[in-house]
Amino acid sequence: MAFGKGHHLHLIDGSAFIFRAYHALPPLTRKSDGLPIGAVSGFCNMLQKYVEGNHGPDAPTHVAVIFDKGSHTFRNEMYDQYKANRDEMPEDLRPQIPLTRRATEAFNIACKEKEGYEADDIIATLAVQARDAGGQVTIISSDKDLMQLVGDGVVMMDAMKGNRVIDRDGVFEKFGVYPERVVDVQALAGDSVDNVPGAPGIGIKTAALLINEFGSLEELLDRAEEIKQPKRRETLIEKRDQIELSKKLVVLDDKTPLDFTLDDLEVRDPDPDKLMPFLAEMEFRTLTKRIAEALDVEPPAIPDTTPEGANPPAGDAPDLPGMDASTYECVRDLEALQSWIDAANEKGWVAFDTETTSLNEMTADLVGISLCVEPGTACYIPLTHKAEGGEGLFGSDDLAEGQIPLEDALAALKPLLEDPAVMKIGQNMKYDAKIMARYGVSVAPIDDTMLMSYAMNAGQHSHGMDTLSERYLGHTPIPIKELLGSGKSQITFDRVPIDKATPYAAEDAEVTLRLWQMFKPQLHQVKVTRVYETMERPLVPVLAEMEMAGIKVDRDTLSRMSNAFSQKMAGLEDEIYELAGRKFAVGSPKQIGEILFDELDLNLPDGKKPSRGKSGNWSTGADILEDLATVHDLPRRILDWRQLDKLKSTYTDALQNHINRDTGRVHTSYSIAGANTGRLASTDPNLQNIPIRTEEGRRIREAFVAEEGKTLVALDYSQIELRILAHIADIQALKDAFKDGQDIHAATASEMFNVPLDEMTPDVRRQAKAINFGVIYGISGFGLARNLRIPRSEAQGFIDRYFERFPGIKAYMDETTEFAKKHNRVETLFGRVIHTPEINAKGPRAGFAKRAAINAPIQGTAADIIRRAMIRMPDAIKNLPAKMLLQVHDELLFEVEKGAEDDLIATARDVMEGAADPVVHLTVPLVADAGQGANWAEAH
DNA sequence: TCAGTCACG
DNA sequence: GACGTACGTGACTGAG
C-alpha cells in the first residue's frame with residue numbers, strides 16, 4: 001500500500017545524533033586496535049533506545065535516518081560564507097562518520113543522504129511529501145532550523161529532552177511566531193552557528209516583534225521607513241539585500257530530487273544477522289548483550305584482545321572470565337561458612353556485602369551476608385529470611401529453613417571482619433559498616449570501590465555499583481526490582497526466597513571484588529592514591545560514627561512551630577483568595593502564574609511579563625514576585641505563604657518523622673561520593689540546609705538541642721573559600737587583609753573604589769561582597785547585574801575594575817580554564833581530581849563547564865581541608881567528653897559535656913586551623929570561629 | 001517522573 | 001552581536 005493516510009513517518013536527524021553522542025561520551029576506543037568509537041557507541045545506544053521506545057498506536061510505519069553529505073551545498077553558491085565559521089570536525093570523530101551509516105543499516109533502518117544537500121533539505125522534502133499524501137510526520141531533532149516545517153500533521157520531537165514534542169505552540173514559544181513565519185524571524189535574527197548574517201543588532205525577540213507587527217518579512221522591508229527606532233530603521237533599509245539573502249539561506253528546499261520514495265522507508269524488523277556482527281565488530285560488550293537479550297538471540301562472543309602490556313583504558317572489560325551465577329554457593333551451615341572464612345584468611349582480603357530490610361542503616365535489619373574471595377567463586381549466607389507463604393497479609397513471621405542462626409554466624413564472622421590482617425572490600429562500605437556496628441561487629445580495615453571510583457572519576461559518571469559494573473565490567477547486575485518489585489507491592493529483602501536472593505547477593509560481592517582488582521592498580525596511574533588513602537578511605541569510620549551519634553531534636557518545639565505556621569498560612573490564604581478574586585492552590589506555581597499574569601494581567605515594574613519555563617508556565621520565582629510586589633499586594637502574600645509552607649513541610653513537619661524511635665535523635669546520612677567537588681552531601685534528612693538566613697527560619701535551629709548536661713559547640717571556617725582563592729591566585733592585597741584580620745569585603749571595596757576603610761558604607765561593602773562571591777562562582781556581568789539588581793553595564797564595570805585591581809584573579813581564571821580545556825580536568829591543592837568533560841563542548845554548555853571548572857578547585861580545596869580536619873578530629877578529642885555530630889561544608893557541630901566546652905573549642909580549633917598542614921602550606925591563615933549554647937541557634 | 005521552587009554553604 | 005549565565009547540593013509540591 002502506498003504511503004498515505006494512517007501512515008506515520010519518522011525522520012531522524014542523524015548528524016544531530018552523532019554530535020550529541022560524540023560530546024556526551026568520553027573518548028572510548030576499540031580495545032583491539034584503538035579505533036575511536038565513542039560516538040558510534042553513543043549513536044548505537046540512541047538508536048537502540050529509539051527502537052525500544054517505538055510501541056503503541058503512535059509507532060511509526062515508516063522511518064529514515066537522514067545525514068548531511070559533503071560540505072559544499074547550493075547555499076555556498078549563494079553565499080560563500082555559509083557555515084564558514086564552523087570548526088573543523090574533531091580528528092577522532094572523522095573516522096566514526098562512515099561507521100554511523102553502517103550502524104544505521106545494521107539496525108535495519110533506512111539511511112539516506114544526498115551530495116550537495118543538507119539533511120535538513122531532505123527532511124523537508126520527505127516531510128512535505130508525507131504531509132501531502134495525508135500521513136503523519138515526526139521529525140526527531142532539536143534543530144531550530146527544522147521548526148519551519150511544523151504544522152499540518154508535522155511535529156518535532158526532541159529525543160534528547162525526554163521525547164518532548166514540539167508542535168505549533170512549541171514553535172511559537174521558541175520563536176515568538178508560528179512556523180510559517182519562522183524563516184522571516186530567522187532571516188532577521190541570523191544564525192551564528194550557520195553564519196547566516198541576518199540584520200545586525202536584531203535578535204530573535206526583536207525579530208518576532210517586528211514580524212508580528214508587520215505580518216511578514218516582505219511587508220516589513222517594504223514599509224521599513226515606518227519604524228520609529230532610527231538605528232533599527234536604518235539597518236533594515238541598508239541591509240535589505242543581506243536580509244533577503246539570509247532568508248534564502250534559511251528556507252529549506254522541499255523539492256530536493258530524491259532517488260527513492262516514501263514507500264522505500266517502511267519500518268523493517270531488526271535483523272539479528274546484520275546487527276549482531278556489527279556490534280561485535282565494534283566490540284560493544286554491554287550493548288551487544290542488551291540487544292541480544294531484547295531480540296532473544298545468543299550474543300556473539302567478543303574476544304578480549306588487549307595488546308600485551310597496554311594499560312586498559314577506562315571503560316573496557318577486565319581480562320577475566322565472565323560472571324556465572326551457577327557458581328554461587330548458598331552457605332547454610334557453619335562448616336561451609338568456616339571454609340569461606342578460611343579462604344578469606346588465606347587470601348588476606350574478602351569482598352563483603354550485606355543484605356538488609358531497608359536502605360536506612362539506623363533501622364535496617366540484617367538479612368544476609370555475601371562474600372567473594374576471587375572472581376568466579378562467591379557465596380551468600382542467608383540469615384534471617386522469612387519462610388514463604390504463611391498466614392496473614394504479610395506472610396509468615398517464621399524464619400525460613402536452612403539458615404545458620406544469626407548469632408552463630410556473626411560469632412564466626414566477627415574475628416574475620418575485625419582482623420587487621422584481612423582487607424574487607426565493599427561498595428559503599430559506610431552502609432555495611434554501620435549495619436554491622438549495630439550487631440556488635442566493627443568492620444576494619446576496609447577498602448571501598450565506590451570511593452576508589454570517586455577519587456579517579458569524579459565528574460565523569462556516578463559511582464553506584466550498577467554504573468561501575470556496566471562501565472568497567474561490561475556486566476549488568478540483576479536489578480533489585482526483580483526481587484523486591486516496586487511501588488505499593490514492594491517487599492523487603494527478608495521476604496525474598498533464598499534461592500532468588502543467592503545469585504543477586506553473591507553477584508554483588510563478586511562485582512565488588514572485580515572492581516577492586518581493576519581499580520586498585522589504577523589509583524597510582526591516575527595519581528590519586530594519596531587522595532583516596534588520606535581523604536576518602538579514612539573518612540568512612542568518622543562519618544559512620546557521626547551518623548550513628550545523631551543529634552537530638554525536640555519534637556514538641558517542632559510541633560508547636562508547625563501549628564503556628566498552619567495558623568499563619570490559613571490567614572494568608574484568606575487574604576490571597578480575596579486579592580486573587582477566587583480560590584486556587586497557592587502551592588501551584590502554574591496557577592499562581594495564571595492568576596497574576598493572565599487573570600490580573602500584572603506586569604513587572606519594567607512593563608514586561610516574566611519569562612516562561614520549559615513547560616510554558618510563567619516564572620513565579622521569588623525574585624520575580626519580589627519585583628512584582630511593588631505593583632500589587634498579592635505577590636508579597638504569596639512569598640510569605642511560600643516561606644511558611646517551606647519551613648513547615650520541609651522542616652517542622654518532615655524532621656519530626658526523622659526522629660529515631662530508639663535513640664530519640666535524628667540521624668542523617670552523608671554521601672561521600674555524591675558531589676563532584678569533594679563536598680559531602682547530607683540526605684534523609686538533609687541537615688546541611690537547615691534555615692538560618694531569615695529570623696523565622698533560624699528559629700528551627702532552636703529545636704536542635706544538646707542532651708541534658710551537655711552543650712552544642714559549633715566551629716566554622718571564616719571565609720575559607722576566599723582565603724583559598726587569595727592563596728591560589730596569590731593576591732597580596734587580599735592575603736594582607738586576611739593576615740591583619742580585616743573585614744575582607746570592606747577591604748575589597750576599599751581597594752576597588754578607593755574608599756578608606758573608616759568611610760566605608762554598608763552599601764559599597766555589600767556590592768564588594770557580591771563581587772567576591774561572584775568571582776568564586778565564575779563571574780559574569782549578567783549574573784552580577786541580576787544579583788545586585790543594577791544595570792548590566794554597571795556590573796561589567798565593577799568586574800573590569802576588580803580584575804584591574806586584582807589581575808592575579810583574572811590570571812587564575814584563565815589558567816584554570818586553559819588547564820581544563822587541555823586536560824579535561826581540574827585539581828584541588830591536595831590533588832583531588834575533578835573531571836570537566838563538557839569544557840570543550842559548544843554552546844551554552846561550555847559556559848556552565850567553564851564556571852564549574854573555575855569554582856571546583858576552590859570549593860574542592862575547602863572540602864579537602866574540612867575532610868582532613870574531620871579525619872584527625874576523633875583522635876584529637878578522644879580524651880574529651882565530646883562527639884562530633886554534623887558537618888555543614890565549612891562548619892563542624894559538636895556535643896560536649898558541660899564544663900569541657902572551652903577545652904573542646906581550643907582543641908577542635910587547632911585541628912581545623914591546621915588542617916592543610918603539612919601537605920599544603922597556605923600563605924593565608926585559616927580561622928575557625930566558635931560558638932556554643934543549649935541549641936544550634938545559640939551555638940552558631 | 002519532571003519541573004519549579006527554595007533551603008543551605 | 002547574541003546566546004544564556006553566577007558554583008555546589010537535597011526535599012517538597014503539583015501536574016502529567
Side-chain angles (χ1 to χ4, degrees), chain A residues 161-162 164 189-193 197-207 584-593 611 613-625 638-639 642-643 645-651 653-655 658 668-669 671 674-694 697-698 700-701 716-717 719-721 770-771 773-788 792 795 799 834 842-860 862-863 866 887-891:
Chain A
K161 294 203 173 136
R164 191 167 154 231
D191 184 348
S192 59
V193 180
I202 294 182
I204 288 191
K205 281 188 181 158
T206 313
F584 66 101
V586 188
S588 163
K590 182 183 156 92
Q591 294 183 34
I592 288 180
S611 61
K614 287 185 182 168
S615 38
N617 299 319
W618 297 112
S619 306
T620 66
D623 49 345
I624 303 269
L625 296 192
I638 294 174
L639 282 169
R642 274 195 185 158
Q643 194 198 3
D645 179 55
K646 179 81 174 184
L647 295 177
K648 178 168 149 60
S649 64
T650 308
Y651 300 105
D653 285 353
L655 268 176
H658 281 286
T668 185
S669 178
S671 55
N676 290 338
T677 52
R679 274 198 178 180
L680 302 177
S682 159
T683 63
D684 309 300
N686 182 352
L687 296 186
Q688 290 182 321
N689 71 346
I690 303 302
I692 190 166
R693 291 176 188 172
T694 65
R698 189 189 176 92
I700 289 174
R701 295 192 174 217
D716 69 293
Y717 282 111
Q719 305 292 359
I720 187 165
E721 293 192 349
I771 301 170
F773 275 100
V775 165
I776 293 174
Y777 298 149
I779 199 159
S780 75
F782 183 94
L784 185 66
R786 200 175 54 175
N787 192 285
L788 285 176
R792 204 174 150 172
I799 295 172
I834 298 129
K842 290 274 169 288
R845 291 148 58 125
F848 281 107
K850 183 181 160 186
R851 293 190 295 273
I854 288 169
N855 173 257
I858 303 169
Q859 189 182 114
I866 198 165
Q887 186 251 44
V888 191
H889 308 308
D890 64 0
E891 169 186 357

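Computed from a prediction, not measured in an experiment: that's the story for all the values here. A, B, ... follow the sequence lines: proteins, then strands. Residue 1 opens every chain.
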Most 5' of A:Ala852 and A:Gly781 on DNA chain C, judged by nearest nucleotide: A:Gly781

A side-chain contact here means heavy atoms from C-beta on lying under 4.5 Å apart; do A:Pro589 and A:Asn617 qualify? no

Any base atoms under 4.0 Å from A:Gln643, or only sugar-phosphate, or nothing? Heavy atoms, all strands. sugar-phosphate

Considering all heavy atoms, the nearest A:Ile202-A:Thr206 contact: CG2-CB, 3.8 Å

Would a 4.5 Å heavy-atom cut-off, applied to side chains only, mark A:Ile776 and A:Asn855 as touching? yes

May I ask you to evaluate whether A:Arg693 reaches the phosphate of B:dG9, defined as a side-chain N or O under 4.0 Å from OP1 or OP2? yes

Which nucleotide, B:dG9, B:dG4, C:dT9, lies nearest any side-chain atom of A:Ser615? B:dG4

Counting only side-chain nitrogens and oxygens, does A:Arg851 get under 4.0 Å of the OP1 or OP2 atom of C:dC7? yes

Scan A:Asp890 against the nucleic acid and name what it touches under 4.0 Å (heavy atoms): base, sugar-phosphate only, or nothing. sugar-phosphate

What is the distance, to the nearest angstrom, from the CD atom on A:Gln887 to the P atom on B:dC8? 17 Å

Classify A:Gly847 by what it touches in the nucleic acid, base, sugar-phosphate, or nothing, heavy-atom distance under 4.0 Å. nothing

Base, sugar-phosphate alone, or nothing: which one does A:Leu647 contact when heavy atoms must sit under 4.0 Å apart? nothing

Secondary structure of DNA chain C in dot-bracket form (Watson-Crick or G-U wobble, distances below 3.5 Å, | marking inter-strand pairs): ......|||||||||.

Does A:Ser780 place a side-chain N or O at less than 4.0 Å from the phosphate oxygens OP1/OP2 of C:dG4? no

Measure all distances between protein nitrogen or oxygen atoms and nitrogen or oxygen atoms of nucleotides 1-3 of chain C, and list the pairs falling under 3.5 Å.
{"residue": "C:dA2", "atom": "OP1", "partner": "A:Gly201", "partner atom": "O", "Å": "3.4"}

So what does A:Asn617 hit on the nucleic acid, given a heavy-atom distance under 4.0 Å: a base, only sugar-phosphate, or nothing? nothing

Which whole-number value in Å describes the distance from A:Glu721 CD to C:dA6 P? 17 Å

A:Leu639 has a side chain; which of B:dC6, B:dG4, C:dT5 sits nearest to it? B:dC6

Side chain of A:Ala770 only, please: which of C:dT5, B:dT5, C:dA6 is the nearest? C:dA6

Output, in order, the C-alpha distance, side-chain angles, deciding distance and verdict of side chain to side chain contact (heavy atoms under 4.5 Å, CB included) for A:Arg786 and A:Arg792. CA-CA 8 Å; A:Arg786 200 175 54 175; A:Arg792 204 174 150 172; over 6 Å; no

Contact class for A:Ile779 vs. all strands (heavy atom < 4.0 Å): base, sugar-phosphate, or nothing? base

For A:Leu784, answer base if it contacts any base atom (sugar-phosphate contacts may also be present), sugar-phosphate if it contacts only those atoms, and nothing otherwise; contact means non-hydrogen atoms under 4.0 Å. base

Under a 4.0 Å heavy-atom criterion, the protein footprint on nucleotides 10-15 of chain C, written with B, S and -, is BBSSSS

Of the listed nucleotides B:dC6, C:dC7, B:dA3, the one nearest the side chain of A:Asn855: C:dC7

If I take atom CZ in residue A:Arg701 and atom P in nucleotide B:dA7, what distance separates them, rounded to the nearest angstrom? 13 Å

